[in-house]
Amino acid sequence: MNHFLDIHKTDATALRGMIDQAAAMKTARQGRPKGTPDDDQPLAGHMVALIFEKPSTRTRVSFDVGVRQMGGQTMVLSGQDMQLGHGETIADTARVLSCYVDMIMIRTFDESVLLEMADYADVPVINGLTDRSHPCQIMADILTFEEHRGPIKGKKVVWTGDGNNVCASFLHAAGQFGFDVTFSGPEQLDPEEEFVGLARKAGVSVTIERDPIKAVQGADLVVADTWVSMHDSQSSKERRHNMLRSYQVNDALMAHAKPDALFMHCLPAHREEEVTSAVMDGPQSVIFDEAENRLHAQKAVMRYCLGV
Ligand code: CP
Ligand code: NVA
């Protein structure tokens, strides 16, 4: 039994295996209606709980469809509808759910909820996003990059804007997959030093460059995310927008990256804020491939967790 809590906590060989398996499973399904089962049914007889304490479109639907394509069943639970949202402890919830289901995916606020769930559950627990990281997204992003441009090893990834949870998972992945990261945003929103240190210790380069034009020079991939995440207070919105405005990804900025640089965004996006529609809908953008690849990448993650 394996949990999938974060990319830096997962064995690098296993991570590579998941990306390769996801690519193979995607190819095997080409041209099929979404609702048809895969030829292999590794999750047959398995029940998966999908718990959401925050909103979600992609994570909710891609996990649900992925489990079904592999022959399993799901139950989608809202934290507020569970006793968990009304005072039952995480430890008790984890032990109870382990009596009924074979795997738990949880999207929550504080990372401690995820970690405690994993500590007390007898079944694998998958991180579907916390305030601190979003590993499933970056697995999909690596699959997407490699589909378009080949191995990500040795490439330059430029993160623009807020050094948030998605940025953190890019830093976790940098060390495991061997790519360099440049962060470009205001000092107040720098990524956590611990994660920058982890990547550097793993032997890849992490550069902090306040000037976005300098940052994207030589970039193979430019990434943006919302300026106000689900865990950020709405009252901080104006302050954050003021700090981040000069980091918008637009055609003028993309012109300084490599001519074949890709653009990614985990979505949901705020068009004309962190990125223009011209870039989102332009030839360098692979945002909808990323969304599709959530499905394929997470299917491989679930197989790894269950060992099937
Ligand atoms: N990218 C992502 O996780 O999207 P959702 O919030 O819609 O799940
Ligand atoms: N950083 C964003 C990602 C959403 C998928 C958030 O946490 O709201």
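Atoms within each ligand, like the ligands themselves, are counted from 1 in listed order. What you see below is based on every heavy atom in this structure, not just the backbone, and it leaves out hydrogens, waters and symmetry mates.
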For Asp92, the salt bridge (Lys or Arg N to Asp or Glu O under 4.0 Å) test, sequence neighbours excluded, returns Arg95
By salt bridge (Lys or Arg N to Asp or Glu O under 4.0 Å), Asp81 pairs with (sequence neighbours left out) none
Extract all N/O-N/O pairs under 3.5 Å that connect ligand 1 to the protein, and present each with both atom names and the distance rounded to 0.1 Å.
residue	atom	partner	partner atom	Å
ligand 1	1 (N)	Gln137	OE1	3.0
ligand 1	1 (N)	Cys266	O	3.0
ligand 1	1 (N)	Leu267	O	2.8
ligand 1	1 (N)	Arg294	NH1	3.4
ligand 1	3 (O)	Thr59	OG1	3.1
ligand 1	3 (O)	Arg107	NH2	2.9
ligand 1	3 (O)	His134	NE2	2.8
ligand 1	3 (O)	Arg294	NH1	3.0
ligand 1	4 (O)	Arg58	NE	2.8
ligand 1	4 (O)	Leu267	O	3.4
ligand 1	6 (O)	Arg107	NH1	2.8
ligand 1	7 (O)	Thr57	N	2.7
ligand 1	7 (O)	Arg58	N	2.8
ligand 1	7 (O)	Arg58	NE	3.1
ligand 1	7 (O)	Arg58	NH2	3.0
ligand 1	8 (O)	Ser56	OG	2.6
ligand 1	8 (O)	Arg58	N	3.4
ligand 1	8 (O)	Thr59	N	2.8
ligand 1	8 (O)	Thr59	OG1	2.7
ligand 1	8 (O)	Arg107	NH1	3.4
ligand 1	8 (O)	Arg107	NH2	3.2

Would you say the side chains of [X] and [Y] form a donor-acceptor pair under 3.5 Å?
X: Gln137; Y: Arg294; result: yes
X: His134; Y: Ser169; result: no
X: Glu209; Y: Thr182; result: no
X: Asn293; Y: Glu147; result: yes

Just the distances, no angles: every ligand 2 N or O to protein N or O pair closer than 3.5 Å, one line each.
residue	atom	partner	partner atom	Å
ligand 2	1 (N)	Asn164	ND2	3.3
ligand 2	1 (N)	Asn165	OD1	2.9
ligand 2	1 (N)	Asp225	OD2	2.7
ligand 2	1 (N)	Ser229	OG	2.7
ligand 2	7 (O)	Asn165	ND2	2.8
ligand 2	8 (O)	Met230	N	2.8

For Ala118 and His3, the nearest pair of non-hydrogen atoms, with its separation, is O-NE2, 3.2 Å
Note: Lys54 and Thr130 closest approach over all heavy atoms is NZ-C, 3.9 Å
- Message: For Arg132 and Glu192: C-alpha separation, side-chain torsions, deciding distance, then whether salt bridge (charged side-chain N to carboxylate O under 4.0 Å, His left out) applies.
- Response: CA-CA 9 Å; Arg132 210 170 174 218; Glu192 286 185 47; 2.6 Å; yes
